[in-house]
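Reading through the structure tokens given below for one structure.
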Number of protein chains: 2
Amino acid sequence: MRQNTLVDSTVMERLRAAGLRPTRQRLALAQILFGQGDRHVTAESLFNEAKSQRIDVSLATVYNALHDFTGKDMLREISIDSNSSYFDTNTGDHHHFFFERSGKLQDIPSEHINIASLPEAPAGAQISRVDVIIRVKA
Amino acid sequence: MRQNTLVDSTVMERLRAAGLRPTRQRLALAQILFGQGDRHVTAESLFNEAKSQRIDVSLATVYNALHDFTGKDMLREISIDSNSSYFDTNTGDHHHFFFERSGKLQDIPSEHINIASLPEAPAGAQISRVDVIIRVKA
DNA sequence: AAGATAGTTTAGAATAATTCTAAACATGTT
DNA sequence: AACATGTTTAGAATTATTCTAAACTATCTT
């Protein structure tokens, strides 16, 4: 029925490896975030998901965890919509579709977008990331 | 000394053409926005700029004007940073450098970025815009 | 030119996302 | 078990933005 021991321990190792104490709430949130495939959450959506699983965490902890995970490169923060920040469990090189109506995000593997030429970075600047966002009406 | 009659009337025509009443505060804000080359402002930065020119507008009016102008395609809204929305006077096809330290934006003409291949839009979705944001550490 | 009408502006209240505070608590260590 | 330090939490605080309702003004009508 519950094969969580295994899953949990994987998540626990990820947290330890990142130098984050595997506390009850971080484990639970990490499980939600990383237990499935790639995901895009907001603080609010993750908070609600936790609540609906009877996981008792405060919203402040959700924010803390999202930022802690982001600081350890387990998540990537994306600002697309001025309403709220998204956090993506896929930290690799890739891009996004943004569905304007629903506010949902969908990954685009980096191989699917071919940027033939990029401009030079301004003097003294190093590129830290190139984001391509395809906004779609749907 | 002040050759504003001419400039003002240009701005006034733009407002009228857009179907927006050329009120004192819209004229003043439009003058700041469109009187120079391409610009990137936030509500707060525009509000401060107006204040420093002794133009008496409320912050609510700045927000109203920015949204009105955006609705008439005189501005384009950009969400890059969760702190605040940017408004770009360049509404044509182009992209951006985002300077992470200063929070400043710089246009990249669309010719300078060559996207060789784009993925298909998801079923039933039409692309409304493709944004490329090059984040630089500087 | 005066009046009517509908769109604008405004101060300040309200809202929403996020961060802060400081006290209670849990973890890993000794 | 006791300690030191990192975490969690409720609730207050902060920040960007939107709302409200009243005062105002551009424009149209007469």
Side-chain angles (χ1 to χ4, degrees), chain A residues 8-9 11-33 40-51 54-72 74-75 77-87 103, chain B residues 8-9 11-33 40-51 54-72 74-75 77-87 103:
Chain A
D8 287 358
S9 70
V11 166
M12 177 161 312
E13 272 150 34
R14 272 195 83 165
L15 291 179
R16 271 198 223 287
L20 295 172
R21 280 193 192 169
T23 62
R24 194 175 11 282
Q25 23 292 304
R26 289 215 271 232
L27 280 168
L29 295 173
Q31 181 66 50
I32 293 176
L33 288 169
H40 302 94
V41 304
T42 62
E44 205 66 29
S45 80
L46 179 57
F47 179 61
N48 288 329
E49 201 169 340
K51 266 203 304 201
R54 297 278 142 61
I55 292 164
D56 198 25
V57 279
S58 71
L59 184 55
T61 298
V62 171
Y63 276 103
N64 287 341
L66 287 173
H67 289 141
D68 293 342
F69 295 170
T70 301
K72 299 298 185 182
M74 298 166 68
L75 290 177
E77 186 172 0
I78 304 173
S79 298
I80 283 197
D81 190 14
S82 43
N83 297 332
S84 57
S85 279
Y86 290 78
F87 293 85
Chain B
D8 286 357
S9 70
V11 166
M12 177 162 310
E13 271 150 34
R14 272 194 83 164
L15 291 179
R16 271 197 224 285
L20 295 172
R21 280 195 191 168
T23 62
R24 197 175 8 282
Q25 22 292 305
R26 289 214 272 233
L27 280 168
L29 295 174
Q31 181 66 50
I32 293 176
L33 288 169
H40 302 93
V41 304
T42 62
E44 205 66 29
S45 80
L46 179 56
F47 179 60
N48 288 329
E49 200 170 339
K51 267 202 302 201
R54 298 277 142 62
I55 292 163
D56 198 26
V57 279
S58 71
L59 184 55
T61 297
V62 171
Y63 275 103
N64 288 340
L66 287 172
H67 289 140
D68 294 341
F69 295 171
T70 301
K72 300 299 184 178
M74 299 167 66
L75 289 177
E77 185 171 0
I78 305 173
S79 298
I80 282 196
D81 189 14
S82 43
N83 297 333
S84 57
S85 278
Y86 290 80
F87 292 85

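Keep in mind that this is a model prediction, so the values were computed, not measured. Proteins get letters first, then strands, A, B, ... in listed order; numbering begins at 1 in each.
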If the cut-off is 4.0 Å, is Tyr63(A) near the phosphate of dT19(C), judged by side-chain N/O to OP1 or OP2? no
Looking at every strand, decide which applies to Asn83(B) at a 4.0 Å heavy-atom threshold: base, sugar-phosphate, or nothing. sugar-phosphate
Give me, pair by pair, the N or O atoms of the protein and of nucleotides 27-30 of chain D that are less than 3.5 Å apart, along with how far apart they are.
from: dT27(D); atom 1: OP1; to: Arg16(B); atom 2: NH1; distance (Å): 2.8

Where each residue is assigned the nucleotide of DNA chain D containing its nearest heavy atom, which of Gly19(A) and Ala43(B) is assigned the position nearer the 5′ end? Gly19(A)
dT25(D) OP1/OP2 closer than 4.0 Å to side-chain N/O of Gln25(B): no
Which whole-number value in Å describes the distance from Arg24(B) CZ to dT10(C) C1'? 13 Å
Verify the distance criterion only: is there a donor paired with an acceptor across the side chains of Glu77(A) and Thr70(A) at less than 3.5 Å? no
Check whether any side-chain N or O of His67(A) sits under 4.0 Å from OP1 or OP2 of dT18(C), and answer yes or no. no
For Asp56(A), which contact category applies under a 4.0 Å heavy-atom criterion: base, sugar-phosphate, or nothing? sugar-phosphate
Out of curiosity, Ile78(A) CD1 to Ser84(A) OG, how far, rounded to the nearest 0.5 Å? 11.5 Å
Using a cut-off of 4.0 Å on non-hydrogen atoms, how would the nucleic acid contact of Ser85(A) be classed: base, sugar-phosphate, or nothing? sugar-phosphate
The reported gap from CG in Leu29(B) to CD in Gln25(B) (rounded to nearest 0.5 angstrom) is 8.0 Å
With a non-hydrogen cut-off below 4.0 angstrom, is Thr42(B) in contact with a base, only sugar-phosphate, or nothing? nothing
Just how far, in rounded Å, is P of dA26(C) from CG of Leu15(A)? 18 Å
Which heavy atom of Tyr86(B) sits nearest a heavy atom of Gly103(B), and at what distance? OH-O, 2.5 Å
Rounded to the nearest 0.5 Å, what separates atom CG in Leu33(B) from atom CG in Leu46(B)? 5.0 Å
I want to verify a distance call: between dT8(D), dT10(C), dT8(C), whose nearest atom is closest to the Arg26(B) side chain? dT8(C)
Any side-chain heavy atom of His67(B) sitting closer than 4.5 Å to one from Phe87(B)? yes
Distance check, rounded to the nearest 0.5 Å: Lys51(A) atom NZ versus Asp56(A) atom CG? 10.5 Å
What distance do Leu66(B) atom CG and Thr61(B) atom OG1 have between them, rounded to the nearest 0.5 Å? 10.5 Å
Roughly how far, to the nearest 0.5 Å, is the CD1 atom of Ile80(B) from the CD1 atom of Ile80(A)? 11.0 Å
Can you pull every protein N or O that's under 3.5 Å from an N or O on nucleotides 11-13 of chain D?
none

Between Glu77(B) and Thr23(B), just flag the one whose closest nucleotide in DNA chain D comes earlier from the 5' side. Glu77(B)
Using a heavy-atom cut-off of under 4.0 Å over every strand shown, decide if Thr61(B) touches base, sugar-phosphate, or nothing. base
If you check the Ser84(A) side chain, which of dA17(C), dT9(D), dT8(C) turns out closest? dA17(C)
